[in-house]
Each structure stands twice: as C-alpha cells, then as structure tokens.
Amino acid sequence: MPVIVRFAPSPTGFLHIGGARTALFNWLFAQHHKGKFLLRIEDTDRERSTPQSVATILEGLKWLELDWDGDAVSQFERFGRHAEVAKHMVANGTAYYCYASPQELEAMRAEQKAKGLAQRYDGRWRDKSPSDAPSGVKPVIRLKAPQSGETVVHDKVMGTITVQNTQLDDMILLRADGTPTYMHAVVVDDHDMGITHVIRGDDHMTNTFRQVQIYKAMGWNIPEFAHLPMILGPDGAKLSKRHGAPAVSDYRERGYLPEAIRNYLLRLCWSHGDDEIISTPQAIDWFDLGGIGKSPARFDFTKLDSVNAHYIKQSDDRRLAQLSEPIIARTLGRALSLHEIDLLTRAMADLKPRASTIVEIANQAVFYFHTGPLPIDDKAKKLLTDEAKQHLRELATRMEKLAPDSFTSEAVESLFRTYAEEKGLKLGAVAQPFRAALTGSTVSPPIFGVAGLLGKIETLKRAAAA
RNA sequence: GUCCCCUUCGUCUAGAGGCCUAGGACAUUACCCUUUCACGGUAGUAACACGGGUUCGAAUCCCGUAGGGGACGCCA
C-alpha cells in the first residue's frame, strides 16, 4: 500500500518552526517511500482563519522546498461531508444529539472543578430520547464513547499507550451551527484522503485516543500514528515569540539557508548514528520513523549557525551574491549594479568562510561598494598613525608603478612583503593600516585579495584618503 | 486536580544487558596555522536525574520518587 501523509496546519498565523519540522518529517517520509505528501488547511475555525495566513504558510513551505502533491485541501469546504458522517453516526447509534447549552456546560465544569473532579461532559443527553428535545434549541452531535474498557494506540514513536475509557468523555463532533470540531474533521478527512500515516506534534498525543474512537465508530481502518516530541526554546519552555524566532520567515530574514534549516530540524529528535551533516537526498534515503527520539528538544541557535555556516561554504558564489545583494542594497540605500554584483560574486570565496549567515556576509561585504568617503571605525583609526600613513604613501608610490592589468592580489602582496622586509617590519605593521584604509575596519577578508578585487584606481584612492 | 508522555556532557544526540575507561557534533578552553577576523588542524574540560530491585553483569529491564512537557473547549 502506497504511503500517503499530510501536513495539516491551521491558518491562524505564521508557519511556526515546529510546524516546519512536522512538515519536513512528513515530506521526508513520503519521499523515502515514494508516496504522497498532501497539504490540508485546517480552517474550520472561521473566526481565526485568514487567507493571509494560508498564503504565509504556503510561502514558508515553498521556501523550505517542501513541495506537496496536488492542491491544498480546505477543510472548511468539506463541512458537508463532516456533517454527513456525524449524522451517519447518529443513525448507527455511535453518536447522539445533545441539547445542553454552552452556559449549562460551563456551569457543569465549574462545579466539577470546585469538587476537584476531572472536567468532563457528564453524558446528560446520552440516553435521552429525541422527544425530550427542547424546541428552538439547535443541538450538537456528540460521540457515544465507550464507557468501559480501554483505548490503545500503537504509536510509532511513543510505543503502545493506553488510556482507560472512563477518562474520555462524549466529545462534540458537530457544533450547533453544523460545522465540525477539529477532532471529527481530522478523522473524516484523514480517512477520505487515504492517509496511511499520521505524523504530527505530540501535543496531539492524547487527542489520538478520541480520534481512534471515531474511526472505530465508523468501522474505518485506523492509520499508523507517529507523534513527534515538541521543540522547546533554549530555556526549556515551549518555543514562542519570546525566544526571538518562532516563524520560518524569521529564519529567512536572518540569513539562513533552507537546506541548513532542514538539516538542523532533522537532527532535532531524529538521528542516524553520529551523522550530523546530512544532505537532503541522503536524508530521504535514511529517514525512518524508528530514528525519531521520544524526548523534547531545545532549539539551539548557535548550532543552527554552525550548520548554516557549513552550507554557506558549500553554496554557489553566484547564489550567495544574489541572496546578499538586497541586504547590502538596504544598507547602502541603493541597488548594486551588475558590475558590482559580479565583484560581490568574486569576493564570495573570501567572504563565505568567515560568515555563518547571509546577513553576516552582507555586512562584511558593504565596504567594497562605498563610492563616497569610506566610514572608518575607531579601532581602524587607531591603526592609521602618522608613521603608518607614511608607509602607506610610500607603498602607494610603488603601487602606482603596477599596470592596472597586473594589479593582482599576488602582485600587491609581494610588493608589500618586499617593502616590509626592506624596512625590517612585520607584514602586519603595513598590512593592518592598509586594511584600515581599504575597508574602514580592523577585520576583513584577506587584504591583498581585497585590493586585487577593488582594482588599482579604487585601492589608491582609498589609500590616499586615509 | 485527573490522565498521557518524557529524562545520557551547557545543547543536539550515539547507545537495543557485557563491545562503555559512556562515542560524535555544537558551544567552551589551550595550542598550531596566520596580514586581521575567520576557516582548518591537534589536544582538553564536560553527562547516564535520584532511590530501590532483577541479573554473574544495567545507561540499557522492572518499580517508586523527583523534575519537565502535553491534553482535559461548540480552538486547532
């Protein structure tokens, strides 16, 4: 039987990084088994669902390159089918109408809480006959859940878990307005979509018992379940806005590469021996439910940085230039010319080993593109002593003699080395002021490479301005 | 409160009763490389939550305790 999985976000906000992990695992599982990865938007909550959220979520998935099969299914649009199934359950005796008002139920729960009891629906309409129905009240449909025995779930991650049926109440399947509850809609949709494996966050773990009861009431096949442990913030609390970057789009803005996010997320709660850097094709080949751990993982931004740094080093220079250009443009207040983008691309070999995000690359690259006076930071200014400037002037005279065509990093370097040797100086004594003059900073890519890239005219201009 | 789940270095994890003197990665410390910062290389610090069992032998199996997370909506 072919594998069919789904990712089922509710469109009430952005794509959460935890949701991205769930999507990734589903996608990987489908790829591994050459099955299908479907997308279903759980938008039955009309109050909170928005089209913008749907768009944001789809955009996030696309950015992560987690392509789904077919069109995204809107759960809300299937409400007729949900009602049909609920009514069928009433007809076959596994569900019933309940006329209790929300206020009445709230009072019931308050009383249970006051008595220190578990808060559960007490089944007050379970055995009443339809003739007892008050007129003018729209009923909800509730599941007639088994009141004895136990419900067992064989989870692919958590193992076999059991709950006593006395712990579960008669949940609502269909609201008074005829729309389905989440619990009901998930089961009907998963069944109709032919979902074979339900892979989701373990906040749904205890819901699974109730969902299994619906499958059983309808006599449907129960899919396999795999519940993924939560992703926690660095402090061990549930990952949220407070931790800085809950949304997938945050990572994009901060200069992370999608393949790095995928690799990092994969390694949270899943492992393949000691392997850390795992390419996507390799991940597809290796991914299995058995490799998923049971305990929740904390999100570690530092480790993400190092994974990202790895993928940046591997990345194509042209792509990196394209990705960093908009950030440089924002700093400069103008777009880069094609010629400048070409320069940026050629600088990338020196830029990328010293950056862990695209944003860092961009920040380190800005100095190449200053056309006006170069801003020089305080540390760099201290390097430009009178003595250093004197050396720079002499060196400039020597550099003047190089033809523009032979103004290469090698040529400039050997010129500097010769000069330092003649004067009995350490290379750093002339290279550092040179760096300050060309980049305005004490930290930069190798300075002779910078000079070569900048070219004779710009290099001498900056040296003279210092 | 009731129920369900989880617990190995600071963090992510390897580990399926003897291969464990508990391995790897990130972080961290020292050194090497070096024109700066990085990259890279070498070495080091650092963990089986606690208490009982079972067993010749337990990080691994069982039972408690503690801590953490989740669920208990006409939200998803």
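Throughout, protein chains are lettered first and strands after them, A, B, ... in sequence-line order, and every chain is numbered starting at 1. Side-chain atoms are counted along with the backbone in the values below, which use heavy atoms only and exclude waters and symmetry mates.
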Protein-nucleotide distance ([X], atom [atom1]; [N], atom [atom2]), rounded to Å:
| X | N | atom1 | atom2 | answer |
| --- | --- | --- | --- | --- |
| A:Leu392 | B:rU35 | CG | P | 18 Å |
| A:Glu104 | B:rG73 | CD | P | 16 Å |
| A:Asp274 | B:rC20 | CG | P | 13 Å |
| A:Leu351 | B:rC39 | CG | P | 15 Å |
| A:Tyr182 | B:rA76 | OH | C1' | 6 Å |
| A:Phe76 | B:rC75 | CZ | C1' | 16 Å |
| A:Ile292 | B:rA16 | CD1 | P | 19 Å |
| A:Lys381 | B:rU36 | NZ | C1' | 19 Å |

Nearest of [options] to any side-chain atom of [X]?
| X | options | result |
| --- | --- | --- |
| A:Arg267 | B:rU35, B:rA76, B:rG24 | B:rG24 |
| A:Glu42 | B:rG24, B:rA76, B:rC26 | B:rA76 |
| A:Glu276 | B:rC12, B:rC74, B:rA38 | B:rC12 |
| A:Ile161 | B:rC5, B:rG23, B:rC12 | B:rC5 |
| A:Arg175 | B:rC12, B:rC75, B:rU36 | B:rC75 |
| A:Val140 | B:rC39, B:rC74, B:rU8 | B:rC74 |
| A:Val443 | B:rC37, B:rU35, B:rC12 | B:rC37 |

Using Watson-Crick or G-U wobble geometry with both distances under 3.5 Å, which nucleotide pairs with [N]?
| N | answer |
| --- | --- |
| B:rC19 | none |
| B:rU11 | B:rA25 |
| B:rG51 | B:rC63 |
| B:rU2 | B:rA71 |
| B:rA58 | none |
| B:rA38 | none |

Next item on the list: Name the orientation class of the two ring planes belonging to A:Tyr251 and A:Tyr256 (parallel below 30°, tilted from 30 to 60°, perpendicular beyond 60°).
Entry: tilted
request  = Show your working on ring-ring contact (aromatic ring centres under 6.0 Å, His included) between A:Trp125 and A:Tyr99 and close with a plain yes or no.
outcome  = CA-CA 7 Å; A:Trp125 280 90; A:Tyr99 292 85; 4.9 Å; yes
Kindly indicate whether the side chain of A:Arg298 and the base of B:rU11 share any N or O donor-acceptor pair separated by less than 3.5 Å? no
task: May I ask you to verify whether the side chain of A:Lys303 and the base of B:rA27 hold a donor-acceptor pair under 3.5 Å?
output: no
Of A:Val163 and A:Gly449, the one whose nearest nucleotide on RNA chain B sits closer to the 5' end is A:Val163
Flag for [Y]-[X]: side-chain donor and acceptor within less than 3.5 Å:
| X | Y | value |
| --- | --- | --- |
| A:Thr151 | A:Asn165 | yes |
| A:Gln213 | A:Arg210 | no |
| A:Ser409 | A:Glu413 | no |
| A:Asp189 | A:His82 | yes |
| A:Thr439 | A:Arg435 | no |

For [X], answer base if it contacts any base atom (sugar-phosphate contacts may also be present), sugar-phosphate if it contacts only those atoms, and nothing otherwise; contact means non-hydrogen atoms under 4.0 Å.
| X | value |
| --- | --- |
| A:Thr302 | sugar-phosphate |
| A:Ser444 | base |
| A:Phe299 | nothing |
| A:Pro445 | base |
| A:Lys313 | sugar-phosphate |
| A:Ala100 | base |
| A:Thr162 | sugar-phosphate |
| A:Thr44 | sugar-phosphate |
| A:Ala176 | base |
| A:Ile447 | base |

Exercise. Do the side-chain N or O atoms of A:Arg48 get closer than 4.0 angstrom to the phosphate oxygens (OP1, OP2) of B:rA76?
Worked result: no
ask   = Using a cut-off of less than 4.0 Å, is there contact between a side-chain N or O of A:Ser306 and OP1 or OP2 of B:rA27?
value = no
Can you tell me, in whole Å, how much space there is between the [atom1] of [N] and that of [M]?
| N | M | atom1 | result |
| --- | --- | --- | --- |
| B:rG17 | B:rA58 | P | 14 Å |
| B:rA38 | B:rA71 | C1' | 48 Å |
| B:rA59 | B:rA47 | C1' | 10 Å |
| B:rC48 | B:rU21 | C1' | 15 Å |
| B:rC56 | B:rU13 | C1' | 32 Å |
| B:rC9 | B:rA49 | P | 7 Å |
| B:rG51 | B:rC26 | P | 33 Å |
| B:rG57 | B:rA66 | C1' | 28 Å |

d(A:Thr208 OG1, A:His227 NE2) to nearest 0.5 Å is 3.0 Å
Write down the protein N/O and nucleotide N/O pairs, taken from nucleotides 69-72 of chain B, whose separation is under 3.5 Å; answer none if there are no such pairs.
unit_1	atom_1	unit_2	atom_2	d
B:rA71	O4'	A:Thr206	OG1	3.1
B:rA71	O2'	A:Thr206	OG1	2.9
B:rC72	O2'	A:Gln119	O	3.0

Looking at A:Glu84 and A:Arg81, is there a salt bridge between them, counting it only when a charged N and a carboxylate O are closer than 4.0 Å?
yes
Cationic tip of A:Arg398 above A:Tyr419 ring, under 6.0 Å, 45° of axis: no
**Evaluation steps, salt bridge (charged side-chain N to carboxylate O under 4.0 Å, His left out), between A:Arg319 and A:Glu259** = CA-CA 13 Å; A:Arg319 174 193 182 203; A:Glu259 63 267 40; 2.7 Å; yes
Per the O4'-C1'-N9-C4 / O4'-C1'-N1-C2 angle with a 90° window around 0, B:rC39 comes out syn
- prompt: Are A:Phe25 and A:Phe287 close enough that their ring centres sit under 6.0 Å apart?
  reply: yes
